[in-house]
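Structure record follows, encoded as structure tokens.
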Protein chains: 2
Amino acid sequence: MPAPAVSLDELLDQLRQHGERVTVARRAVLEELLDAPGSHLAADALADRIHDRHPDIHLSTVYRTVEFLTHAGILTEVHVGHGPNSYHFAADSHHHAVCDTCGAEVEVPSDLFEPVTDRLRRDYGFAADPSHLTITGRCAACAAAAEPAAASS
Amino acid sequence: MPAPAVSLDELLDQLRQHGERVTVARRAVLEELLDAPGSHLAADALADRIHDRHPDIHLSTVYRTVEFLTHAGILTEVHVGHGPNSYHFAADSHHHAVCDTCGAEVEVPSDLFEPVTDRLRRDYGFAADPSHLTITGRCAACAAAAEPAAASS
DNA sequence: CTTGATGCAAATGGTTTGCATGTTT
DNA sequence: AAACATGCAAACCATTTGCATCAAG
């Protein structure tokens, strides 16, 4: 289980050192993300959690904050096939495989795409950034349920 | 250059054989996709092209049509990082690497993700379907422009 | 005090949907 | 004629933005 690679204080210091302001919203976003299961949340879900303690923090602020933190290199924005984007710490590099059928998420190591990025660089000079990627498909359970016939003999 | 793997008539027959109706919109969508550069278009662009000959075909119909054709197994829906989804023939399997900076698209062979899908299956039992994936990053030109310093020595 | 972040509401872009009508079979 | 696809307008969702206000430095 990948523990958060950094602490809240470290992150806030990192901001201050770059001359960026530490605001309630920024602290709140980082806090919630730090103790989110899997450390990744969509803006919507993030706002919901933040509202428990800071009912005044607006969803648009959450959007602006994750955008800011992403540009600051602290967060990574992940594009999930359909569904909203989600955010996790850039330091905690990993990918997700999301089941189209049941929505289950499998966390996969960050080097999964190495063969892909290597080949893209070698063959096309393309510097791929797979950090935004989410793989879709069928999880083990759903795959088994979907093709019971194919499992025989 | 990957020529269309199937002809319009074959596709229409395929529909008829499954008891599905052949309509003006379906024919139009298939026609435009067949002669689109790279054989992939977003719903919006698809509608624009269709409007040249069929100004009456509504954008929502295009959406319903590509959805239908996707479920019918004829098209594949591709999720591009930001930007709208695009559609291409399922038979013409390939992926795209899209440059974050200039928007250039590199077409890459369909087996690119094989190491990824293999590993997901082996390690997680996850039946990945990479056909919807688009890789983002920097194309050769933009990567070179972005890091001139790193190229020295 | 100055710059920059936030709340709110309203706009945006992509996509979906309800319903009456038109088309395919 | 029956079933289904379509046009249109309106709804929807995720996200962005303008602007006046507020807070961090």
Side-chain angles (χ1 to χ4, degrees), chain A residues 11-30 32 40-48 50-51 53-72 74-75 77-87 98 103 132 134, chain B residues 11-32 40-48 50-51 53-72 74-87 98 103 132 134:
Chain A
L11 291 167
L12 297 181
D13 280 349
Q14 184 178 335
L15 285 183
R16 279 187 272 255
Q17 282 166 25
H18 286 254
E20 301 291 359
R21 295 185 180 178
V22 171
T23 67
V24 180
R26 291 176 184 177
R27 195 195 316 266
V29 163
L30 292 173
E32 289 305 334
H40 69 288
L41 287 172
D44 204 18
L46 197 40
D48 279 354
I50 289 174
H51 284 161
R53 303 175 150 220
H54 309 275
D56 47 320
I57 292 185
H58 201 271
L59 176 58
S60 67
T61 299
V62 173
Y63 274 106
R64 281 191 274 231
T65 303
V66 293
E67 184 194 24
F68 165 81
L69 292 171
T70 299
H71 280 131
I74 292 176
L75 298 184
E77 182 185 57
V78 179
H79 304 300
V80 184
H82 290 142
N85 294 341
S86 67
Y87 301 86
V98 178
H132 307 298
T134 292
Chain B
L11 292 167
L12 297 181
D13 279 348
Q14 184 178 335
L15 286 183
R16 280 187 271 256
Q17 281 166 27
H18 286 254
E20 301 291 359
R21 295 185 180 181
V22 172
T23 68
V24 179
R26 290 177 186 176
R27 194 194 319 266
V29 164
L30 292 173
E31 278 175 357
E32 289 305 335
H40 68 289
L41 288 172
D44 205 17
L46 198 40
D48 279 354
I50 289 174
H51 285 163
R53 304 175 149 223
H54 309 275
D56 47 318
I57 292 186
H58 201 271
L59 176 57
S60 67
T61 299
V62 173
Y63 274 106
R64 281 192 273 231
T65 303
V66 291
E67 184 194 25
F68 165 80
L69 292 171
T70 298
H71 280 131
I74 290 176
L75 298 184
T76 297
E77 182 185 56
V78 179
H79 304 299
V80 184
H82 291 140
N85 294 340
S86 66
Y87 302 86
V98 177
H132 308 298
T134 291

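Here is how names work: the chains are called A, B, and so on, in the same order as the sequence lines, proteins then strands, and each is numbered from 1. Quick caveat: nothing in here was measured; it's all calculated off a predicted structure.
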field: Which nucleotide in D:dC8, D:dA5, C:dT15 has an atom nearest any side-chain atom of B:Glu20
entry: D:dA5

- prompt: Taking atom C1' of C:dT24 as reference, at what distance in whole Å does atom CZ of B:Arg26 sit?
  reply: 10 Å

- prompt: What are the two closest non-hydrogen atoms of B:Val80 and B:Ser86, and how far apart are they?
  reply: CG2-OG, 4.3 Å

task: Please report, rounded to the nearest Å, how far the P atom of D:dC8 is from the CG atom of B:Asp56.
output: 8 Å

- prompt: Roughly how far apart are A:Ile50 CD1 and A:Thr61 OG1, rounded to 0.5 Å?
  reply: 9.5 Å

query: Of A:Thr61 and B:Glu77, whose closest DNA chain C nucleotide lies nearer the 5' terminus?
result: A:Thr61

- prompt: Could you state the NE2-P distance from A:His79 to D:dT15, rounded to the nearest angstrom?
  reply: 10 Å

- prompt: For the residue pair A:Ile74 and A:Gln14, what are the closest heavy atoms and their distance?
  reply: CG1-NE2, 3.6 Å

- request: Would you kindly give the CG-to-C1' distance between B:Asp44 and C:dG14, to the nearest whole Å?
  value: 8 Å

- request: Mind calculating the distance between CZ (A:Arg64) and P (D:dT15) to the nearest angstrom?
  value: 15 Å

- prompt: Does A:Arg16 get its side chain close enough to the base of D:dG25, under 3.5 Å, for a donor-acceptor pair?
  reply: no

query: Phosphate oxygens OP1/OP2 of C:dT15: is one of them under 4.0 Å from a side-chain N or O of B:Asn85?
result: yes

Closest-nucleotide ordering on DNA chain D, the 5'-leading residue of B:His82 and B:Leu59: B:Leu59

query: Does a side-chain heavy-atom distance below 4.5 Å link B:His82 with A:His132?
result: no

query: Which part of the nucleic acid, if any, lies within contact of B:Thr65, taking any heavy atom under 4.0 Å across all strands shown: a base, the sugar-phosphate backbone alone, or nothing?
result: sugar-phosphate

message: Tell me the closest heavy-atom pair linking A:Glu32 and A:Leu41, and the distance in Å.
response: O-CD1, 4.4 Å

message: Is the phosphate of D:dA24 approached by A:Thr23 (side-chain N or O, under 4.0 Å from OP1 or OP2)?
response: no

task: For B:Glu67 and D:dA5, give me the distance from atom CD to atom C1', rounded to whole Å.
output: 13 Å

- request: Rounded to the nearest angstrom, tell me the gap between atom CG in A:Leu12 and atom C1' in D:dA24.
  value: 13 Å

query: Which whole-number value in Å describes the distance from B:Tyr63 OH to D:dC8 C1'?
result: 16 Å

field: N/O donor-acceptor pair, side chain B:Arg21 with base D:dA3, under 3.5 angstrom
entry: yes

